[in-house]
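Written below as structure tokens is the structure these notes are about.
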Protein chains: 2
Amino acid sequence: MAIDAREDTPADAQQGVKLNETANRGSPRLAARQSRDQILEAAAECFKENGFAATSIDDVAYSLGATKGMIYHHFRSKIDLFFAVYQRGMEINFEATEPETHSHAKPLERLARMSMAHSVALMAHQPFQRVLAQGVAMHQTGSTTAAQRDTLSTLIKTRDTYEELFRTAIEAAVADSGTELTNPSLASKSFLAVLNSTVFWYSPRRRNATAEQISIALDLVNYALRGLGLHLPEDAIDDWKKHL
Amino acid sequence: MAIDAREDTPADAQQGVKLNETANRGSPRLAARQSRDQILEAAAECFKENGFAATSIDDVAYSLGATKGMIYHHFRSKIDLFFAVYQRGMEINFEATEPETHSHAKPLERLARMSMAHSVALMAHQPFQRVLAQGVAMHQTGSTTAAQRDTLSTLIKTRDTYEELFRTAIEAAVADSGTELTNPSLASKSFLAVLNSTVFWYSPRRRNATAEQISIALDLVNYALRGLGLHLPEDAIDDWKKHL
DNA sequence: TTGACAACATACCGGGTAGTATGTTCCCTG
DNA sequence: CAGGGAACATACTACCCGGTATGTTGTCAA
């Protein structure tokens, strides 16, 4: 009986689409998890659209066909909801990229694989990624209370360790190529700036845009690597092109 | 008598610093211009700190030691103020970069000079540049009324022509080098992404940070050019290093 | 001198929104 | 088959903030 749990298509999270009123009947814990996930996706979409400050809890609730009470049942405050979305965004990135760091491939190929994974994940989960960007901007400035600043700092540290993944991979690849970087910190910042640039202009064309995303990612990775003085071998490129 | 007009140091635009109460006595037009400029800088700072939506007119007024009435005397609405700041930011960029486009130097050097000018201006006027970024983000999403969307579109077009400056300079430099770009649009986007990346992490150390800024800009331009498959000649690099 | 106007400050209004307090409806356990 | 609690919805409040209406002061032109 626990399985009238709906397989929600993401498209279900649209404006005014009432949640199945007989839903959330199974294990309460499971139901809560699903609701929470739906809130996170809806919130990510809203935050992406209008930014944190300009998004009201009612906006998020309405996009779920639910009410404010529901959201405050799952999250203590608006900022808490934002933090949760941020965290989910980081989880997405880690799950996409971290496995590649354990690859036994050569440093250059490992870096390339990480970069491709990162870039594609970025385009595939745009709303969450824009929230990440907002969170970083938030951290540089004023997030009112001390408690908020604390949690935010914690979240940013997660991001820092994520960037650290690339930093070490970059240095390994450069060292392996026999060259050297004048300013490793700046280089890795620039490297990620290229990969992250899609956040500001990319929006998926249609369903199953993965081919398009891979193609873009390949170009970006190529550019970013050349900036470091590295070059992706032809066979590796062809390997990726098969996926499109 | 028109010159008790103060030479305002930027540091004067601090929280709670009352404007000289006997100021703005000279030509009313001149006084208005000064007030307007002060508002623009204060607003840029506030928008940079907390973002457009989270910044109140009272915030901006308070940072000037003035009141809401003063600001509404110079600007019709909050969004109008934002647009004015945006426009000022674009003016800054054009004044810095556009002269270099008329240079008779070789395409590569011209592109390099443009990029350096752009990058340094970006770091020297950070608050305005962050407002530019916000404006772009705003444009991608929802800016309520139709009139606002119109003016915003106009402003974005200014930005597009600015990017066009780089686009053509990039293609000229690449063509001159004998190579070719697989995807010119993506390449120029990546190129600017590198140069613009400072907006998200750079904050000036102390007074007269121009040396630091030039040094950073040089690294960024180097990276961005290599991404295109180009290389800045050593003597050009040395030329810039003299300025530091 | 006067009065018109620029350049503000003060006072106030109304809509929107974060957060809360309180129902209501199921489910699941004992 | 109670009744406790999870998972919401409804109703309400208090506050913030954009915008306006109005007051005040100095200046300049006639």
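Reckoned from all heavy atoms, side chains included, excluding hydrogens, waters and symmetry mates. Residue numbering restarts at 1 for every chain, and letters A, B, ... go by the order of the sequence lines.
Residues His74(A) and Ser35(A) approach most closely at NE2-CB, 3.7 Å, considering heavy atoms. Taking both residues in full, the closest heavy atoms of Met138(B) and Ile79(B) are given as CE-CD1, 3.6 Å, listed atom of the first, atom of the second, then distance.
Nucleotide dA6(C) holds its C1' atom 9 Å from the NE2 atom of His74(B), rounded to whole Å. At whole-Å resolution of the value, CE in Met70(B) and C1' in dC8(C) are 8 Å apart. For Ile79(B) and dC17(D), the CD1 to C1' distance is 15 Å, given to the nearest whole Å. In this structure, Asp80(A) places its CG atom 14 Å from P of dA18(C), rounding to the nearest Å. Rounded to a whole Å, the NE2 atom of His73(A) is 13 Å from the C1' atom of dT25(C). One can place CG of Asp59(B) at 16 Å from C1' of dG19(D), the figure rounded to the nearest angstrom. Taking atom CG on Asp58(B) and atom P on dC16(D), their separation rounds to 11 Å, with Å as the unit. Here dA9(C) presents its P atom at 9 Å from CD1 of Ile71(B), a figure rounded to the nearest Å.
Judged by distance alone, with hydrogens and angles left aside, Lys68(A) brings a side-chain donor or acceptor within reach of the base of dG19(C), the pair sitting under 3.5 Å.
Considering only side-chain N and O atoms, Ser35(B) lies under 4.0 angstrom from the phosphate OP1 or OP2 of dC8(C).
Considering only the side chain of Thr67(A), dA9(D) comes nearest among dA18(C), dT20(D), dA9(D). Relative to the side chain of Ile57(B), the nucleotides dA9(C), dG18(D), dG19(C) differ in distance, and dG18(D) lies closest.
Ser56(A) comes within 4.0 angstrom of the backbone, heavy atoms only, and of no base.
Between the Asp37(A) side chain and the Gln34(A) main chain, no donor and acceptor come within less than 3.5 Å of each other.
Of the two residues near DNA chain C, Ala54(A) and Arg76(A), the one whose nearest nucleotide lies more 5' is Ala54(A).
When each of His118(A), Gln129(A), Arg159(A) is checked for a side-chain hydrogen bond (donor to acceptor under 3.5 Å, both in side chains) with Asn93(A), only Gln129(A) meets the rule.
Side chains of Ser153(A) and Asp150(A): a donor-acceptor N/O pair is absent below 3.5 angstrom, by distance only.
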